[in-house]
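Read through the structure below, which is laid out as structure tokens, and then see the notes.
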Amino acid sequence: MAATGNADTTVGHGELIEAVDRALTTHGRAVLTGPAGAGKTEVVRAVVAAAEGRRESVLHLAPDPSDQWIPEASAAALLASVPQAVLDRLAGPRRAAIALLRRETDEPGAGRDHVALRLAVVEVLRTLAAPGPVLLVLDNAQWLDDESTDLLRFALRLTPPGVRVLVAECVQGGAPVAVPLCGPDTPAIRVPPLGAEQVAELLCRHGLPARLAGRIHQASGGNPRLALALGHSLAEAAGSRDQGAHHADTLPVSGQAREVARRLLAEAPARARRTLLLAALASRPTTALLRRAGRPDAEAELAEAERAALVTVAEDGAVRFTAGALPRALAADAGWPERAAAHAALATAVDDPVQAVRHRALAVDAPDARLAAEITAAAASCRHRGQRALAAELGLLAAERTPADLPRDELARLVCAAEDAGWAGRADLARRATRAVLARDASPADRVRARLAVIDAAGQALADLDETFAYAVADAAGDPSLRAAVQLRIAWKHNLSDGDPVRSRDAAAEAGALAALGGDQVAEAMALTVRARMGRILGDHDAEDILAEALALPAPEVPLGMRNAPQYLAVRHALFDDRLDDARDRLLVLLPAVQRTGSAEDVFEVLRSLSEVELRRGHCAAGAAHARRALELTIEAGLSPGPAWYVAAMAEATAGSFARAVGYARRGIQASEEEQDQVFLSRGLYALGTVELATGEAAKAVATLRRVAELEEAQQVVDPSVLRWHGELAEALVAADAPEEAAALLESTRTVADALGRTGVITVLDRARGLCLAAQGEAEAAVTLLEATARRFGALGLPLERARTLLALARVERRRRRRAPARAALGEAAELFDRAGAKPWLDLAREAGPDPAAARHPGPAALTEAETRLALLVGQGASNQEAAAKLFLSVKTVEARLTRIYQKLDVRSRAQLATALRTGRLSS
């Protein structure tokens, strides 16, 4: 007997394992359920390992599918794992019954004393339980043979309380056996599907790209086995192609992934397969649609599929597959006649004319000029609706149905399909259409348009498209407008992938000159926008004038996108300048506009900015809601996940949970590294560093934020308002007892901020400077500065920054033994955090109350937070070397800091320091 070959699927199941342990402890029985591949076996293994760690006896049975047809096969396997010494203690008939069962040459069931066998199993379990607890584990219980099931049901009714039983079974197929084995009141624990973040962690553990987690989560439905199979199938597909393979949007349901999907689908009754195929081929399947398409028993058949965890059926009849790979596997396994018949049935049943045309086209496999024209018209309708991905699919279908004697029509349809795919971010469709264009006698203009679509569809992942850029440059030669379009994309690549705003600005300037020469005002506006964006980064004083020039030109339309328009850059500048109400008003105008265009990236950009604006305004619930929508859209549309995970991290760090924020930030960092996205790599690290600082991990925060500083320097970023890491790093340096380094950073950054007029940045720097002054012994000046800074944040309409400043003020006042001002500042900070809905910060404020013990035993001087951490370690017996390793410091730094601690507390030895700890003379 062998356990199933699940990979490591304990990711995300820590709480589940604890729940199983609690159920076994409380009830003595537990049932673990879930679909195939959900991770039940790995949870079982974790529970078994914990029991063995407690030195409990464990009997572990995991039958194979073939065992269910061999009478008493599972019972024989279970008894084979029992120590021979236990079996030798059985009475004669019972020992003989077991011996007969274990003989491999014996005819199944022939001449056995079944009563003696049952009593023997009972006696074995009682014997094992006599010295201590026994854990009996039945994994894959759905594959128990009937005779073994009956035997175990009898034995478990007579076992003592010392025998605990865990039964894991698949919810699919056949009658459940767990309840008859364990009893009707046994707690049943279902293994839930993994979330997108947990899928990302699972992929990372297996060396697969985390940036694909959103798409793999959607395709797998959170089933760990299917997720890993899809990841490996994608890696194999990528290995077979030279370029752009890792940009795949439609995950390959082939190889291992197809086999896993097939095994899941095999649990559906045969009569439901036709209904499931119709649902798989429909765009928006409902029970009503399936009935109209010729399945009168659709509800009953779907109910069976729902019990097999293949679909869910909503109250309104909407049908959704639990994993996106399932409908693809269904369609792939169906033969052409079966698919054609299904499409023909759906064509007469759908109420959307566009879908009717689509199904009619898919029901035939021959060129038809009239049908091709109808499909082209349907694609145009989708384009008008903003359904650009569907428009691309229809455009490709129209080209396939175009007769060979209409090559110009076919080529035009392919080029339009490529551009629609580029607009929708569907790299798979863009590449497919572009390959078809390049295989035909296409003009240089058509080749450029197709290649630009591949570039546009790649999202943030532009680093591996150098060859595509090179061909586009060559094809565009001699046409100023085409050259301008190519140079614009080159400018975007220099910024995103190369982290080089100077080259980006220069390429944009060339694009603008070419666009003006070609009379393309929209492209000219785009080029000016890039110049203004790069100019802001580089600290150019004329950046705002260039943006104003861009805004004076016609607003951009297809194919360059709102996210690259001057109207959107004006929003970003308003955000950088803390003109939050202005930014919000502009975004609310843009949001419905981008939703109509059908560009997922445009909608994401607006949602991202809305989230940032609302969080900064102290409207945390609204900011978090926009971040969730942005993340959902990223997963649905298959966009690059680095930006979405950064937004989610910032939302969690402000309105949710610091722990979840760290998870999102780490995923965003990894995804951005994989895609060589320098811009959002910096942002992901910034999000992580701010959380590490907030949670008191100063050494980690310094290391993380220094990486941000290095990346920003490499990218030649000058303007400190774009990503405000400077104040955070300075605060982390102060907390890590490096106030001199913090002061130098603040001075150099303030010089730039003053020159550029960045008032909000200066205010953030002043909060860090106040903490720096306090660390340098200038407490009075620190308090004065922090009070003034809090007032300025209030005037700027930044309530969370004001609350953070009050939190810093409270800490400084506490170190001065000024309890009343400290309590007042803490109270006001907590009130602001509470009003804004900033839960993790509210928790920090509540935890930062003055220490009553310190108030009762005031010392001669207050220690800094860094000094307090060292004092606690040394007072608890750590050597200087151990403390240095723990705090990521040099031994010399520890020695110098320890000298200051002794002076402040007026102690002369480690023993006296330990006494100071016990008497409460330390405060921070």
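- Side chains of T704 and E692: a donor on one and an acceptor on the other come within 3.5 Å.
- Put simply, the side chain of P224 reaches to within 4.5 Å of the side chain of L202, judged on heavy atoms.
- You'll find the side chain of R846 stays beyond 4.5 Å of the side chain of L826, heavy atoms only.
- With rounding to the nearest 0.5 Å, the separation of CG in D677 from CD1 in I669 is 12.5 Å.
- Results of the salt bridge (charged side-chain N to carboxylate O under 4.0 Å, His left out) test with E801 over R767, R617, R791, R616 single out R767 as the only residue that passes.
- Heavy atoms from other residues, nucleotides or ligands lying under 6.0 Å from CZ of R55 number 12 at most.
- The CD atom of E731 sits 13.5 Å away from the CZ atom of R769 when rounded to the nearest 0.5 Å.
- L771 contributes atom CG, which lies 8.5 Å from atom OG1 of T805 (distance to the nearest 0.5 angstrom).
- A salt bridge links R724 with D578: the closest approach of a Lys/Arg side-chain nitrogen to an acidic carboxylate oxygen falls below 4.0 angstrom.
- Remark: R683 is not positioned above the aromatic ring of Y686, lacking an NZ or CZ atom under 6.0 angstrom from the ring centre and at most 45 degrees off the axis.
- Few gaps surround CD on E895; more than 12 heavy atoms of other groups in view lie less than 6.0 Å from it.
- Closest approach of P720 and L756 over heavy atoms only: CD-CD1, 4.2 Å.
- At a threshold of 4.5 Å between non-hydrogen side-chain atoms, the residues V783 and E813 count as touching.
- In this structure the side chain of R802 reaches within 4.5 angstrom of the side chain of E828, judged on heavy atoms.
- The backbone N or O of G195 sits less than 3.5 Å from a side-chain atom of Q198, completing a donor-acceptor pair.
- Counting heavy atoms from C-beta outward, L807 and L809 have side chains that stay 4.5 Å or more apart.
- Closest non-hydrogen pair, D21 versus A50, comes out as OD2-CB, 4.5 Å.
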Where do E612 and R608 land on the salt bridge (Lys or Arg N to Asp or Glu O under 4.0 Å) test, with the steps shown first?
-> CA-CA 6 Å; E612 291 175 334; R608 168 172 84 98; 3.7 Å; yes
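- The two atoms that bring G539 and V718 nearest to each other are N-CB, 4.0 Å, heavy atoms only.
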Passes side-chain contact (heavy atoms from CB on, under 4.5 Å), L798 versus L580? Steps please.
-> CA-CA 9 Å; L798 301 171; L580 301 180; 3.5 Å; yes
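- Residues L800 and C620 approach most closely at CD1-SG, 4.0 Å, considering heavy atoms.
- Within the 4.5 Å cutoff, side-chain heavy atoms of T25 are placed close to those of R164.
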Verdict with supporting geometry, L806 and L832, side-chain contact (heavy atoms from CB on, under 4.5 Å) | CA-CA 10 Å; L806 290 168; L832 286 168; 3.8 Å; yes
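- Rounded to the nearest 0.5 Å, atoms OH (Y902) and CG (L898) are 4.0 Å apart.
- Heavy atoms only, all atoms of each residue included: A624 and L615 are closest at N-CD2, 4.3 Å.
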Chi angles and distances behind the salt bridge (Lys or Arg N to Asp or Glu O under 4.0 Å) call for R818, E780 = CA-CA 12 Å; R818 288 166 51 86; E780 192 67 41; over 6 Å; no
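- Taking 4.5 Å as the limit, every side-chain heavy atom of R22 sits out of range of all side-chain heavy atoms of H27.
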Please walk me through it: do V702 and L733 pass side-chain contact (heavy atoms from CB on, under 4.5 Å)?
-> CA-CA 6 Å; V702 168; L733 287 167; 3.9 Å; yes
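- Judged by distance alone, with hydrogens and angles left aside, the side-chain atoms of S748 form a donor-acceptor pair with the main-chain N or O of L745 at under 3.5 Å.
- Q670 CD to W645 CH2: the interatomic distance, rounded to the nearest 0.5 Å, is 8.0 Å.
- The pair R835-E831 meets the salt-bridge criterion, with a side-chain N (NZ, NE, NH1 or NH2) lying under 4.0 Å from an Asp/Glu carboxylate O.
- V20 places a side-chain heavy atom less than 4.5 Å from the side chain of L166.
- Minimum interatomic distance between C772 and P739 (heavy atoms only, all atoms of both residues): SG-O, 3.2 Å.
- Look at E728 and R804 and you find a salt bridge, because one of the NZ, NE, NH1 or NH2 atoms lies within 4.0 Å of a carboxylate O, short of that distance.
- Atom CZ in R758 sits 4.0 Å away from atom CG in D719 (nearest 0.5 Å).
- Between the side chain of S657 and the main chain of A653, no donor-acceptor pair closer than 3.5 Å is present.
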Check step by step if side-chain contact (heavy atoms from CB on, under 4.5 Å) holds for L135 and V47.
-> CA-CA 9 Å; L135 176 62; V47 173; 4.1 Å; yes
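- A distance-only check finds a donor-acceptor pair linking the side chain of T690 to the backbone of A687 [under 3.5 Å].
- Between R792 and D766 a salt bridge is recorded (basic side-chain N to carboxylate O distance below 4.0 Å).
- Here F658 pairs with W841 under the ring pair (Phe, Tyr, Trp, His ring centres under 6.0 Å) rule; sequence neighbours left out.
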